[in-house]
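Below is one structure, written out as structure tokens; the observations come after it.
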Amino acid sequence: QVQLVESGGGLVQPGGSLRLSCAASGFTLGHYNIGWFRQAPGKEREGVSCINSSDGSTHYADSVKGRFTISIDNAKNTVNLQMSLLKPEDTAVYYCATVSPTPTRDYWGQGTQVTVSS
């Protein structure tokens with residue numbers, strides 16, 4: 001079975017850090033471009049970061065540049081998102097997914113909740 005499972009979410013104070021992980025089974029993550037997305041209550045889903053499996057290049061939304069870092073651990077078949085200097089506006093459910101020209105063929109995880117609050 002093809003699955004993506006996110007973990008690492010939780011409650012953190014503003015300025016704190018969290019590391020999210022996306023573990024894949026049934027396929028090799030390194031064969032795909034992988035993205036992190038988030039959706040806050042009342043808002044549309046937005047892209048946060050993605051990594052290009054071909055050359056390792058990364059992209060970040062302007063709102064998280066300098067604070068978030070995406071990486072792939074091929075040995076563990078896992079994609080990570082290191083988040084630091086977290087802000088209340090980062091609060092959302094975070095999802096990882098494959099990224100391709102045909103979105104209906106992409107795989108998505110179930111999401112993990114990140115809450116930034118004092």
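Any value given below was found using the heavy atoms of this structure, including those in side chains, with hydrogens, waters and symmetry copies removed.
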Quick one: side chain to side chain donor-acceptor pair (under 3.5 Å) partners of Glu46, sequence neighbours excluded? Arg38
Short side-chain to backbone donor-acceptor contact, [X] and [Y], under 3.5 Å:
| X | Y | answer |
| --- | --- | --- |
| Ser53 | Tyr32 | yes |
| Asn77 | Gly26 | no |
| Glu6 | Leu20 | no |
| Thr91 | Val116 | yes |

Neighbour count >12 (heavy atoms, 6.0 Å) for atom CD, Gln13: no
Quick one: which of Gln82, Met83, Arg67 gives a side chain to side chain contact (heavy atoms under 4.5 Å, CB included) with Ser17? Gln82
Test Thr78 against every option in Cys96, Ser7, Ser21 by the side chain to side chain contact (heavy atoms under 4.5 Å, CB included) rule and name the one that passes. Ser21
Nearest heavy-atom neighbours spanning [X] and [Y]:
| X | Y | result |
| --- | --- | --- |
| Asn52 | Ser54 | OD1-N, 2.8 Å |
| Ala24 | Leu29 | CB-CG, 3.4 Å |
| Thr112 | Gly8 | OG1-N, 4.3 Å |
| Ala92 | Ala40 | CB-N, 3.8 Å |
| Gly47 | Ala61 | O-CB, 3.6 Å |

Salt bridge or not for Asp90 and Lys87, using N-O below 4.0 Å? no
Joint hydrophobic cluster, Tyr107 plus Val93, side-chain heavy atoms closer than 4.5 Å: no
Same apolar cluster (I L V M F W Y, side chains within < 4.5 Å links), Val48/Val114: yes
Any ring pair (Phe, Tyr, Trp, His ring centres under 6.0 Å) pairs touching residues 49-99, not counting sequence neighbours? none
Separation between CD1 (Ile34) and SG (Cys50), nearest 0.5 Å, reads 10.0 Å
So OG of Ser25 and CG of Leu4: to nearest 0.5 Å the spacing works out to 7.5 Å
Verify whether one side chain among Ser100 and Asp106 offers a donor that lies under 3.5 Å from an acceptor in the other. yes
